[in-house]
Amino acid sequence: MELNSVEGKPIYVQIAEWLENEILCGNIKENEKIYSQYQLAEMFNINPATAAKGINILADQGILYKKRGLGMFLSPEAKEKIRDKRKNHTLKRLVEEVVFEARLLGVSEAELLSMIRDAGKVFDEHEGIEGG
Amino acid sequence: MDVISCQELTKTFGRVRALNNITFTIGQNRITGLIGPNGAGKTTLLKIIAGFLRASSGEVRVFSEDPFNNLKVAANMIFIDDQMRFPQSLTLSEILASAAAFYENWDMELARRLFDYFSLDPEQYHHKLSKGMKSTFNMIIGLAARCPLTIFDEPTTGMDAGVRKDFYRALLRDYLRKPRTIIISSHLLNEIEDILEDIFLLSGGEKRLQTPVSDLKEFAVALRGKREVIDKLTAGQEIYYQKSVGKDHSYVVIRRDAAEGLLKKAGRDGLEVFPVKADDLCVYLTSRKRGGIDSVFDRY
């Protein structure tokens, strides 16, 4: 698997986000053991300490919990937590960027909304909506 | 536990000061990248750690002992570079056999598998190998020895891109299997960045920075905007890199924490903020002039 190190995001953040995506699309179930830092290191060709840092982000946010000597497991409320977090941070920031760009280009609010609606239609037709 | 510790280490060759007052420690089972431009003192530092050279002043401890001419250090350490010499009368497989006799943790199975993978001929002689093949063979010795302290000094000299990639992957996978303290020197960070835990930045014989790689990425940011805005904002700040963009714009690299404070005070004000790649930052931190090579050509 290739990680994009050219992009500004630190690799451990990319690891955390990759795990979140795996959780959101249901590849890791509640109370299931998640990948160890060594498995992630091998999969992504990164130092295990970097992988551990990615795992720890999610543990600090209560998305994972630790069983002593057994590793990290997925909290029952993980999906909910990830969704809340991403909505209030990631999505909010993306929206701000979109609004900033629209202002810069003199695109009206109505025009912007219709663009968002169009993008949604294209997405519905081609991809469908993942997860639930 | 620290495998290596240096206190105020200085090394002079005649009038040349190759290393100047360096203090650091390297913890057990970490992979450290020793990064610096040509002539920074990387090889000198590694040879002192390996016990091949004696420090002019200061204290060096490897496995809690003075490494110079030390048998314990020699038996637990391997130093790989492109100057390695082996007896001309021995074939590659004979060299492997004698390495196996010397290194306690030697893994012959790993050596054989790597030999096969890289299509090395066991009956070949070391001095007949091409530059890249020599580096590949040396790398196999370095990995199979599985020494508690493994030092690679510019290990990929002459290797093609594919072999370099394989080498770093092999190093990581064998490290996962058998963790040990590893130092790799390179003037290029981007190739090895991902597999490192720490980075040690050396230039002009001095330590610039020793930090987890993941922190390095967040150490600095770049700002781009109108020159007058940038100049006013960054006055009094340590600037790592600066260049002009277009007619009246400027691009500067400063510490992230400083930038965050400044931006909070001044607002975005038409400024764009960019991440700085770790290897670019290393170049900025070790470069001779703030404006880089452009400073030679500007105003000329």
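Chain A is the first sequence line, chain B the second, and so forth, proteins listed ahead of strands; every chain is numbered from 1.
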Quiz item: Are there more than 12 heavy atoms of other residues, nucleotides or ligands under 6.0 Å from atom OH of A:Tyr65?
Solution: yes

Practice problem: Tell me, for B:Glu218 versus chain A, whether the close heavy atoms (under 4.5 Å) come from the side chain, the backbone, both or neither. | Solution: side chain

Quiz prompt | Part of B:Phe274 within contact of chain A (heavy atom distance under 4.5 Å) | solution = neither

Quiz item: Which value, rounded to the nearest 0.5 Å, describes the distance between A:Tyr12 atom OH and B:Asp215 atom CG?
Solution: 7.0 Å

Quiz item: For A:Glu97, does the CD atom sit with more than 12 other heavy atoms under 6.0 Å from it, leaving out its own atoms?
Solution: yes

Exercise. Keeping the roles fixed (side chain from B:Arg169, backbone from A:Glu42), state whether a donor-acceptor pair exists under 3.5 Å.
Key: yes

Quiz item: Counting only heavy atoms not in A:Lys66, do more than 12 fall under 6.0 Å of its NZ?
Solution: no

Quiz item: Does a sphere of radius 6.0 Å around NZ in B:Lys232 hold more than 12 heavy atoms from other residues, nucleotides or ligands, not counting ones at 6.0 Å or beyond?
Solution: no

Exercise. Scan A:Ile46, A:Asn47, A:Thr50 and name whichever one has a side chain to side chain contact (heavy atoms under 4.5 Å, CB included) with B:Glu197.
Key: A:Asn47

Quiz item: With respect to chain A, which residue among B:Val221, B:Ile31, B:Leu176 yields the maximal number of heavy-atom pairs within a distance under 4.5 Å?
Solution: B:Leu176

Quiz item: Side chain, backbone, both or neither: which part of B:Leu196 has a heavy atom under 4.5 Å from chain A?
Solution: backbone

Practice problem: Please state whether the side chain, the backbone, both or neither of A:Tyr38 comes within less than 4.5 Å of a heavy atom of chain B. | Solution: both

Quiz item: Above 12 or not: heavy atoms from other molecules or residues under 6.0 Å from CZ of B:Arg112?
Solution: no

